[in-house]
Amino acid sequence: EPEVTQTPSHQVTQMGQEVILRCVPISNHLYFYWYRQILGQKVEFLVSFYNNEISEKSEIFDDQFSVERPDGSNFTLKIRSTKLEDSAMYFCASSQRLVGSYEQYFGPGTRLTVT
Amino acid sequence: GEDVEQSLFLSVREGDSSVINCTYTDSSSTYLYWYKQEPGAGLQLLTYIFSNMDMKQDQRLTVLLNKKDKHLSLRIADTQTGDSAIYFCAERTGTASKLTFGTGTRLQVTL
């Protein structure tokens, strides 16, 4: 069964450093998302992406964040200058379409630890 | 704005039914989803219901939606130890692409 994959599974970085989290969505999906879950808190939407453009973003997704689809398979989330409060589990998701039920399928997550 | 709430913990005995509840505030919800998260794993989509439906059954899972009270529930029949996980409800509203998640309910299944 096709699945969303994410690398790395765990990333440790120092405050102020740039990190890139990588995702490979399901191959025939066209819509891509990033969510995050700070330990003990809700899963929060960050951004959705379609046709090489951001469709929607939350207040969390400020200028420190960017997304890119550098090739036909990868979808990346970049945090330019990490802060301690960026420590969280980051989930990538993809869906085949935007209308109807458009189920979103999630990857296993990347745990980001900022020290 | 959207807000989704769930009780934090539920303990059931193996073989019993589990009922996990969720309330939401946004009346323009179009689809409501249930996800399962096992330790160290991602979010697994279990089922979903369209907002004009009252009930949906999928094998051991039954979703009930009370739109008037903005209440959603997930019933798991014959609960097994493998059902132990955190269960999240989530809503999508209008044409928005994002999902808004609840706090998650940790289901513990005891022998």
Side-chain angles (χ1 to χ4, degrees), chain A residues 1-7 9-10 21 23-26 29-51 53-61 67 89-111, chain B residues 1-9 20 22-26 28-53 56 58 61 63 65 72 74 85-106:
Chain A
E1 189 177 315
E3 57 183 21
V4 176
T5 60
Q6 291 185 242
T7 54
S9 56
H10 191 192
L21 309 183
C23 168
V24 178
I26 294 172
H29 285 190
L30 301 175
Y31 302 89
F32 316 115
Y33 315 85
W34 284 102
Y35 290 80
R36 79 171 185 191
Q37 185 181 29
I38 294 172
L39 190 63
Q41 296 187 23
K42 291 186 181 187
V43 176
E44 301 172 290
F45 170 79
L46 293 178
V47 66
S48 59
F49 189 87
Y50 168 68
N51 200 25
E53 286 185 352
I54 290 174
S55 306
E56 190 176 359
K57 61 181 181 178
S58 70
E59 291 173 354
I60 303 166
F61 194 87
V67 288
M89 181 74 91
Y90 287 81
F91 293 106
C92 173
S94 68
S95 65
Q96 195 170 33
R97 59 188 185 274
L98 200 56
V99 295
S101 62
Y102 96 122
E103 301 96 289
Q104 293 185 24
Y105 294 90
F106 283 72
T110 292
R111 180 167 297 285
Chain B
E2 311 95 353
D3 193 22
V4 181
E5 296 295 334
Q6 300 176 239
S7 52
L8 291 180
F9 185 75
I20 301 169
C22 171
T23 57
Y24 59 97
T25 57
D26 197 321
S28 64
S29 294
T30 53
Y31 284 91
L32 295 133
Y33 306 82
W34 283 102
Y35 282 85
K36 176 184 180 183
Q37 185 181 36
E38 296 182 79
L43 299 164
Q44 176 194 354
L45 177 63
L46 290 177
T47 187
Y48 64 90
I49 189 166
F50 185 44
S51 57
N52 69 352
M53 296 168 65
K56 182 179 180 182
D58 185 359
L61 305 179
V63 179
L65 176 61
L72 180 74
L74 174 70
I86 300 175
Y87 290 80
F88 292 93
C89 65
E91 65 169 353
R92 179 165 78 94
T93 55
T95 56
S97 55
K98 68 176 185 180
L99 297 182
T100 300
F101 282 83
T103 47
T105 299
R106 181 178 296 277

Handout entry: Short N-O contact, A:E44 and B:K98, less than 4.0 angstrom
Key =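 No.
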
For [X] against [Y], the heavy-atom pair lying closest together:
X: B:L99; Y: A:Y35; answer: N-OH, 3.0 Å
X: A:F106; Y: B:L43; answer: CB-O, 3.4 Å
X: A:V43; Y: B:F88; answer: CG2-CE2, 4.3 Å
X: B:Y33; Y: A:E103; answer: CE2-CA, 4.5 Å

Exercise for the section: Output, in order, the C-alpha distance, side-chain angles, deciding distance and verdict of side-chain contact (heavy atoms from CB on, under 4.5 Å) for A:Y105 and B:L45. Expected result: CA-CA 7 Å; A:Y105 294 90; B:L45 177 63; 4.3 Å; yes

Practice task
Any chance you could lay out the side-chain contact (heavy atoms from CB on, under 4.5 Å) test for A:M89 and B:Q37, step after step, and finish with the verdict?
Solution key: CA-CA 13 Å; A:M89 181 74 91; B:Q37 185 181 36; 5.8 Å; no

Exercise for the section: Look at atom NZ of B:K56 and say whether more than 12 heavy atoms of other residues, nucleotides or ligands are closer to it than 6.0 Å. Expected result: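 Above 12, so yes.
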
Handout entry: Min side-chain heavy-atom separation A:Q104-B:Y35 under 4.5 Å
Key =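 Yes, side chains in contact.
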
Practice task
Let me see the working for B:E5 and A:K42 under side-chain contact (heavy atoms from CB on, under 4.5 Å), right down to the final yes or no.
Solution key: CA-CA 10 Å; B:E5 296 295 334; A:K42 291 186 181 187; 3.7 Å; yes

